[in-house]
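A short worksheet on the structure shown next.
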Number of protein chains: 2
Amino acid sequence: MTTGTLVPVFAALGDETRWSILAALGEGDASASALAGRLPVTRQAIAKHLAVLQEVGLVEPVRVGREVRYRVVGAELSATARRLEAIGAEWDRRLAAIKEIAEGL
Amino acid sequence: MTTGTLVPVFAALGDETRWSILAALGEGDASASALAGRLPVTRQAIAKHLAVLQEVGLVEPVRVGREVRYRVVGAELSATARRLEAIGAEWDRRLAAIKEIAEGL
DNA sequence: AGCAAGTGCAATCATGAGGTTGCAGTAAAC
DNA sequence: GTTTACTGCAACCTCATGATTGCACTTGCT
């Protein structure tokens, strides 16, 4: 069971503000400035969060004229979910094995 | 799409040391002291991590004599994976809808 | 060309998190 | 009943991070 680059993704998802950003982007692609209008944080704070999200592939930038809009990469969320699922299944398997031993089978 | 208590779980999973602990616990239940023998961190550091993991339900304590062993709760990992999967699917759905509009259907 | 809107970079600040050391408490073991 | 091992609490340190302000730079728009 190799966690690979999985941990940074979880770290990125472990922040409420970033989820707010992701949720806002769910309404449609938006720039850092646009997001700053909706969320109670500065544009620069949002820019940093977007950088983090981009770093782990959860979001990607799209230049539109002079602004840079960001789009959620749903595939990365799904991929992360699948990897986590695999790890969870692995533990379930182990626990089942232990349980069988405990029950004297 | 309500994230609920999901974010703290991701925050907990966003640390390499905690994954080391989870991996070590995968070999069998163990106490903080026992884990301190295998990992390059202090027992107290491990105790804190275990507290965090317990807080979000990823691990649970089991008293055995005078020691407190910890066990991985595989179900919580699976549940988290499922919730994340649902969120990822939601985004996939939205992206698909947008794509259809873009293609003029 | 000039203005406005948007982005990018840098310095700064505060708080929280990961980690350590030290000591007190507690419960088995002998 | 001591000793011995393990847990628990508290203080402390350091560094990363979330957030801010301020300014320079680019890029459309008119």
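Each chain gets a letter, A, B and so on, in the order the sequences are listed, and its residues count up from 1.
- Salt bridge annotation for B:Glu76-B:Arg83: present, with a cationic side-chain nitrogen under 4.0 angstrom from a carboxylate oxygen.
- A salt bridge between A:Arg18 and A:Glu16 is absent, with no side-chain N of the basic residue lying under 4.0 Å from a carboxylate O of the acidic one.
- Ring pair A:Trp19/B:Trp91 is tilted by interplanar angle, where 30° to 60° counts as tilted.
- Look at A:Thr17 and you won't find any side-chain N or O under 4.0 angstrom from OP1 or OP2 of D:dG18.
- Protein atom CG of A:Leu53 is 13 Å distant from nucleotide atom C1' of D:dG18, rounded to whole Å.
- Judged by atom type and distance alone, B:Gln44 reaches the base of C:dG22 through a side-chain donor-acceptor pair under 3.5 Å.
- A residue-by-residue look at B:Val52 and A:Val68 shows that A:Val68 has its nearest nucleotide of DNA chain C further toward the 5' end.
- Across the protein-nucleic acid pair, B:Glu55 atom CD and C:dA17 atom C1' stand 15 Å apart, rounded to whole Å.
- Ion pair B:Glu90/B:Arg93 flagged as a salt bridge, since at least one NZ, NE, NH1 or NH2 atom sits closer than 4.0 Å to an Asp/Glu carboxylate oxygen.
- Rounded to whole Å, atom C1' of C:dA28 lies 13 Å from atom CZ of B:Arg69.
- Counting heavy atoms from C-beta on, the side chains of A:Ile21 and A:Leu25 come closer than 4.5 Å.
- Contact annotation: A:His49 does not reach the phosphate of D:dT17 (side-chain N/O to OP1 or OP2, under 4.0 Å).
- Look at CD on A:Glu67: it is 14 Å from C1' on D:dC29, rounded to the nearest Å.
- Whole-Å rounding puts the B:Leu50 CG to C:dG19 C1' distance at 15 Å.
- Contact between the side-chain N/O atoms of A:Arg66 and the OP1/OP2 oxygens of C:dA4 is not found at any separation under 4.0 Å.
- Straight-line distance from the CG atom of B:Asp15 to the C1' atom of D:dT17: 14 Å, rounded to whole Å.
- With DNA chain D read from its 5' end, the first of the two nearest nucleotides for A:Lys48 and B:Tyr70 is the one closest to B:Tyr70.
- In this structure, A:Ile46 atom CD1 and C:dC9 atom C1' are separated by 18 Å, rounded to whole Å.
- For the pair A:Ile21 CD1 and D:dT17 C1', the interatomic distance rounds to 14 Å; values are reported in whole Å.
- A:Arg18 comes within 4.0 angstrom of sugar-phosphate atoms only, judged by non-hydrogen atoms across all strands, and of no base.
- Side-chain atoms of B:Arg43 come within donor-acceptor range of the base of D:dG8, with a qualifying N/O pair under 3.5 Å.
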